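Structure first, then comments.
First listed ligand is number 1; within each ligand, the first listed atom is number 1. Start at 1 with the first residue, then count along the sequence. Just so you know, these numbers come straight off a predicted model, no measurement behind them.
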Amino acid sequence: MRYSLQAGGKRLRPVLVLAAADVFRRTTDPLPARSADALPAAVAIECLHTYSLVHDDLPCMDNDDLRRGRPTAHKQFDEATALLAGDALLTFAFQLLARHYAATPTLGLRLTHELAEAAGSAQLIGGQMEDLLAERKADATAADLDFIHLNKTAAMISAALALGGHCGGAGEADLARLRDAGRSLGLAFQIVDDILDATADTATLGKTAGKDARADKTTYVKLHGLDAARRHAETQTRLALDALAGLGGDSRFLVALAGRMATRKN
Ligand code: GRG
């Protein structure tokens, strides 16, 4: 668990939690008068995300040797250890929520519900299942790809923003804006991921580059080409920024972060 979690990574999802919570935090508010501490929720989603990476790298899934610049967990240890470490990280995410929001049970329940919906069979796991199925067919379509990425990738980014919103005390309209922004941002993130897989090197990415082309995997780049994929990422980023601009608080940091995600290098 420590090996995979402390390997680093961009920490994007936890930063999104904290940034979204901060949108609703007035600088004059003594903490935590208005906003509950968002840090345990931020750590919880990073634990859950790391579990998904550990399991995705297993031989029965993507079968990869390198993650976050280190040998994958099953290479460093063994398959059973990696499987159990992933299971334990998933469980620990919910343990963190139960422990740290015990004094604010309504918030704790909202956070648990948000994370469980995003990580469950309809979204993260459903998207991963469809991804595995799509690898076995040569004619995956743009609609298949959108379903996979909305669920496998965007659901967790959307949940990160919504977790932050819950902690910050956002109302329903702002929560809907955060979830919308997260879906667009997640699609843009995945398209950029596909572009980086095709254009960046393994050392920069900290994971094996060029895997999609070698596996002849259906990606935005394969379906639409590099230029169209870049334009599609820009469009989705713009949609996300528009949704964030409607938030009822100070969203300057979040907007700047979302804008920078489109030009990330790893
Ligand atoms: C095993 C249930 C289950 C799901 C796996 C996360 C995942 C779903 C698959 C990993 C492969 C992949 C390309 C996923 C799309 C989302 C994505 C780009 C994940 C990597 O996230 P980053 O780049 O990773 O934020 P770091 O290491 O920076 O946290």
_Full working for salt bridge (Lys or Arg N to Asp or Glu O under 4.0 Å) between R177 and D180_ = CA-CA 5 Å; R177 285 187 192 99; D180 277 355; over 6 Å; no
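The side-chain heavy atoms of F147 and N151, taken from C-beta on, include a pair separated by under 4.5 Å.
In this model, a donor atom of one side chain and an acceptor atom of the other lie less than 3.5 Å apart for R68 and T50. One side chain, R13 or H49, offers a donor N or O that lies under 3.5 Å from an acceptor on the other.
For F77, the ring pair (Phe, Tyr, Trp, His ring centres under 6.0 Å) criterion is met by Y3, not counting sequence neighbours.
Checked against a 6.0 Å centroid threshold, the rings of H149 and Y220 count as neighbours.
Within 4.0 Å of ligand 1, protein heavy atoms belong to G9, K10, R13, H49, Y51, S52, L53, H55, D56, R68, L124, I125, Q128, K152, T153, F189, Q190, D193, listed by chain and number.
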